[in-house]
Amino acid sequence: MPEGHTLFRLAQTLHEHFAEREVRVSSPQGRFVDAAALLDGTVLESASSYGKHLFTDFAEDRCVHVHLGLYGTFAVHEGAALPPVGQVRLRLVAPGGDGRPAAYGDLRGATACELIAPEERGRLLDRLGPDPLRPGSDWTRAWDRVSRSRAPVGGLLMDQAVLAGIGNVYRAEVLFRHRVDPLRPGNTLRRVTFEHLWHDLVELLADGVRVGRIVTVHPPRDDALVGRVQQADPQLLGRSPVFVYRRAGEPCFVCGAVVRTQELAGRNLFWCPRCQPRFRSRARAA
DNA sequence: GGCGCATGCTCAG
DNA sequence: TGAGCCTGCGCCC
C-alpha cells in the first residue's frame with residue numbers, strides 16, 4: 001500500500017531493525033547481485049524516506065534507493081531468516097545482539113532497487129515537491145506550482161514534483177474532505193483552500209503512519225471540517241475507512257448522492273458530485 | 001484455484 | 001497513450 005505513509009513507516013521499521021549493524025545483503029532473485037556483494041557485511045547506517053522513495057544508507061556513502069511502485073513490498077520479520085519465497089530482489093539480514101533480535105527483510109516487486117551515488121540522490125530529491133510528512137516542509141512551494149497550472153487539481157496532487165507522497169487514495173479523500181472538484185484547474189483554487197488541504201494532508205498522513213493503513217474518516221474529529229457528517233448514516237460511515245475512494249456507484253456518506261468515478265491520466269478519480277460540485281469558471285459562465 | 005484489479009512510475013513511440 | 005513491472009488482495013467458481 002505504497003503512499004507516503006507506507007514508506008515513512010517502512011523506513012522507521014528498517015531503521016529500528018537494521019541501523020548501525022553489519023548487515024548481510026543478498027539478492028536471491030539475482031537482479032541486484034553485484035551491488036549486494038559490495039554491501040554485504042558492511043554497516044547500514046540509516047534508513048529514511050522522502051515521499052514515496054526509500055533510502056537505506058550504508059557505510060562509505062553507499063545508498064540503496066528503493067521505489068515500491070504499485071505492488072512492491074518490503075516485508076520485515078523478526079527471527080532467523082527463512083528460505084526466500086518468490087522473487088526476492090533484495091534481502092537484508094541482521095544478526096541478533098545488542099539487546100536487539102535477529103531480523104530479515106525481503107524486497108519484492110519494486111519498480112526501483114538501485115545503488116546510487118550522493119549526487120544522484122540529490123538530483124532525485126530536487127525533483128520532488130514538499131512532503132507533508134516531513135517537519136518543516138514548505139507548502140507554499142507546492143502552492144506556487146498549483147496556482148500557476150491550468151491542469152486539474154486532481155492531477156497536480158498526484159504529481160510528485162508538486163507534492164511528494166500523495167497517491168490515489170489520499171488524493172481522492174482530501175479533495176472530498178475539502179469539497180473540491182478534482183477536475184478544477186489548479187489556478188482557480190483559492191490559496192486558503194490549498195493551505196487547509198495541505199494541513200489536512202499533514203494530519204492524514206501522520207494518521208496513516210500511526211495506524212499502518214489509510215483512514216480518512218474520523219467521525220467526531222471531522223464534524224467541523226466536513227460539516228455535514230452528523231447528517232450521515234453513522235453506521236454506514238463507521239464501516240468504511242474512506243469517504244469516496246473505490247466507492248463508485250455507492251451513496252456518499254454525507255449527502256447520499258452516488259459516488260462517481262472517471263479516469264484521469266490513467267488513474268481512477270472518485271468524487272461525490274454533490275459535495276464536490278463541478279467547477280465552472282467565470283469566463284465560461286459569462 | 002483462477003481472474004482481474006490496484007495505493008506508481010518509466011520509457012518507447 | 002500503452003506496455004511493462006510481476007505482488008497481493010478480493011471476488012467468483
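The chains referred to below are lettered A, B, ... by the order of the sequence lines, with proteins before strands, and numbering in each begins at 1. Predicted, not measured: the structure shown is a model, and the values here were computed from it.
A/T73 comes within contact range of the sugar-phosphate backbone alone, with a heavy-atom separation under 4.0 Å but no base atom that close. No contact: A/R171 has no heavy atom under 4.0 Å from any strand. Looking at heavy-atom distances under 4.0 Å, A/Y245 makes contact with sugar-phosphate atoms alone, never a base.
Taking atom P on both B/dT10 and C/dG8, the two are 22 Å apart, rounded to the nearest angstrom. Look at the P atom in both B/dC5 and C/dA3: the space between them is 14 Å, to the nearest Å.
Under 4.0 angstrom from either OP1 or OP2 of B/dC9 there lies at least one side-chain N or O belonging to A/K52. Taking side-chain N and O atoms only, A/R267 has a distance below 4.0 Å to OP1 or OP2 of B/dT7. Listed pair A/R246 / B/dC5 fails the phosphate criterion, with no side-chain N or O lying under 4.0 Å from OP1 or OP2.
Among B/dG8, B/dA6, B/dC9, the nucleotide with an atom closest to any side-chain atom of A/Q160 is B/dC9. Taking every side-chain heavy atom of A/N268 into account, B/dA6 is the closest of B/dC9, B/dA6, C/dT7.
The distance from atom CG of A/L264 to atom P of B/dG8 is 13 Å, rounded to the nearest whole Å. In this entry the distance linking CG of A/L157 with P of B/dG8 reads 12 Å, nearest Å. Regarding A/R31, its CZ atom lies at a distance of 11 Å from the C1' atom of C/dG4, rounded to whole Å. In this entry the distance linking CD of A/Q87 with P of C/dG8 reads 11 Å, nearest Å. One can place NE2 of A/H53 at 9 Å from C1' of B/dC9, the figure rounded to the nearest angstrom. One atom, NE2 of A/H67, and another, P of C/dC5, lie 18 Å apart when rounded to the nearest Å. Straight-line distance from the CG atom of A/L70 to the C1' atom of C/dC5: 9 Å, rounded to whole Å. In this structure, the CD1 atom of A/I214 is 8 Å from the P atom of B/dG8, given to the nearest Å.
Between A/L7 and A/P2, the shortest heavy-atom contact is CD2-CB, 4.1 Å. Closest of all the heavy-atom pairs between A/R91 and A/A81 is NH1-CB, 3.6 Å.
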*Would A/Y170 and A/H5 count as a ring-ring contact (aromatic ring centres under 6.0 Å, His included) if you check the C-alpha gap in whole Å, the side-chain angles of each, and the deciding distance to 0.1 Å?*
CA-CA 10 Å; A/Y170 282 121; A/H5 69 298; 5.4 Å; yes

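Side-chain contact, A/H53 with A/H65: a donor N or O sits under 3.5 Å from an acceptor N or O.
Here the two rings, on A/H17 and A/Y104, have centers that are 6.0 Å apart or farther.
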